[in-house]
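Notes to accompany the following structure.
Scope of the values below: all heavy atoms of this structure, side chains included, with no hydrogens, waters or symmetry mates.
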Amino acid sequence: MKKTTFVFFFSLLLAGSAMMFTSCGSDDEERPVISIMESMVDMTGGRAQWPGLTKLTRATFESQIVGQGWYCEQSYQVSPRGVYGPSTSRQGMFGIGPVHYYFDRDSVTRFLYNDAKGYQNKGLGYVRDAYTYDENDNGVYVDGNRLLQISPSGVVNGRFLYAIEDGGTHADGSTAYAVSIFRRMSGGEQSAIRRDYSVRWR
């Protein structure tokens, strides 16, 4: 199988990002090679936000994100000062795994690792929740709590997206945030994810 390589260069110290894509074949399989500089998100009020955010309309959200599975290629912990980058990569961190998503029109499925449920399917399972999308802040909300804030500059022809994830808490009780980069899954990859993360927790 031929492979297409995408190289990402991100700098969100500015109100946007620059991306360069290099192609090495067909788009049968797309695996991005990610290069990211130390960058920042806005932590005004203690909540992570994209700086200089522009609107991702509901119509664009539904046409490019809904009905697709999204594989987490990389995730970066956001420091209390809003800094993220190579030094804050979550890859290999003990007890933490990537979260992959699938969006229906009215529900979102998260495929994730749960260290506390390691005795069950090696901790791999999924949860499905109703959600709402708010185009005023590009937020995906579950039970009134923000799950993701999507950056429209990361949506490239529906193939990739990146988002701030709200999830977990720090030892002091504050919310833990991550900046994550997702790639649209093929049908075969979606089937594999559903097979591997087969236990429903909610």
Side-chain angles (χ1 to χ4, degrees), residues 4-23 27 30-78 82-85 88 90 98-110 129-142 144-167 175-186 190:
T4 300
T5 301
F6 294 83
V7 181
F8 286 66
F9 293 94
F10 289 95
S11 178
L12 288 173
L13 287 167
L14 301 176
S17 65
M19 291 177 282
M20 183 176 74
F21 304 90
T22 60
S23 178
D27 59 358
E30 299 160 357
R31 302 302 299 249
V33 177
I34 300 165
S35 178
I36 183 169
M37 298 184 295
E38 293 289 331
S39 303
M40 294 187 72
V41 295
D42 184 358
M43 293 296 293
T44 302
R47 188 181 197 189
Q49 307 275 350
W50 290 117
L53 184 70
T54 56
K55 181 181 292 189
L56 180 73
T57 66
R58 184 180 303 276
T60 301
F61 177 83
E62 292 180 351
S63 66
Q64 298 200 34
I65 295 174
V66 171
Q68 305 292 341
W70 297 95
Y71 185 91
C72 182
E73 289 286 355
Q74 185 58 277
S75 188
Y76 303 91
Q77 200 84 14
V78 176
V83 176
Y84 69 94
T88 68
R90 294 171 119 188
V99 181
H100 315 295
Y101 292 85
Y102 180 85
F103 287 90
D104 288 310
R105 290 187 67 86
D106 56 2
S107 68
V108 56
T109 303
R110 285 173 281 169
D129 296 292
Y131 76 92
T132 57
Y133 176 71
D134 187 346
E135 65 178 20
N136 290 311
D137 67 350
N138 303 350
V140 176
Y141 288 82
V142 172
N145 299 308
R146 196 183 74 183
L147 180 67
L148 298 170
Q149 186 186 47
I150 298 170
S151 171
S153 56
V155 179
V156 183
N157 296 324
R159 287 181 170 182
F160 300 95
L161 66 86
Y162 54 96
I164 295 172
E165 292 188 273
D166 301 32
T175 302
Y177 296 99
V179 168
S180 297
I181 303 167
F182 301 89
R183 172 182 53 82
R184 187 180 67 191
M185 287 188 266
S186 67
Q190 289 185 45

Residues Arg47, Asp166; criterion side-chain contact (heavy atoms from CB on, under 4.5 Å); working and verdict:
CA-CA 9 Å; Arg47 188 181 197 189; Asp166 301 32; 4.1 Å; yes

Could you walk me through whether Thr88 and Val78 pass the side-chain contact (heavy atoms from CB on, under 4.5 Å) test, one step at a time?
CA-CA 7 Å; Thr88 68; Val78 176; over 6 Å; no

Just do the side-chain contact (heavy atoms from CB on, under 4.5 Å) check on Asn138 and Phe61 with the steps written out, would you?
CA-CA 9 Å; Asn138 303 350; Phe61 177 83; over 6 Å; no

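Residues Ser180 and Cys72 have side chains in contact (heavy-atom distance under 4.5 Å, counting atoms from C-beta outward).
If you take CD1 on Ile181 and CD on Glu73, they are separated by 9.0 Å, rounding to the nearest 0.5 Å. Within the model, atoms CD of Gln49 and OH of Tyr177 stand 7.5 Å from one another, a figure rounded to the nearest 0.5 Å. Annotation: the span from Leu56 atom CG to Asn136 atom CG amounts to 12.0 Å, rounded to 0.5 Å. In this structure, CZ in Arg110 is found 5.0 Å from CG in Asp129, a value given to the nearest 0.5 Å. Atoms CZ and CD1, on Arg184 and Ile65 in that order, are 11.5 Å from each other to the nearest 0.5 Å. In this structure, CZ on Arg183 lies 12.0 Å from CD on Gln68, to the nearest 0.5 angstrom.
For the pair Asp134 and Arg146, the salt-bridge criterion is not met [side-chain N within less than 4.0 Å of a carboxylate O].
Under the ring-ring contact (aromatic ring centres under 6.0 Å, His included) rule, Phe182 has a single partner from Phe160, Trp70, Tyr71, Tyr101, which is Tyr101.
Ring centers of Tyr131 and Phe103: under 6.0 Å apart, within the cut-off.
A pairwise comparison of heavy atoms in Pro51 and Val41 identifies CD-CA, 4.2 Å as the closest pair. Minimum heavy-atom separation, Tyr133 to Val140: CD1-CG2, 4.1 Å. What you find for Ile150 and Ala163 is that their closest heavy atoms are CA-CB, 4.1 Å.
Between the side chain of Gln149 and the backbone N or O of Trp50 there is at least one donor-acceptor pair closer than 3.5 Å.
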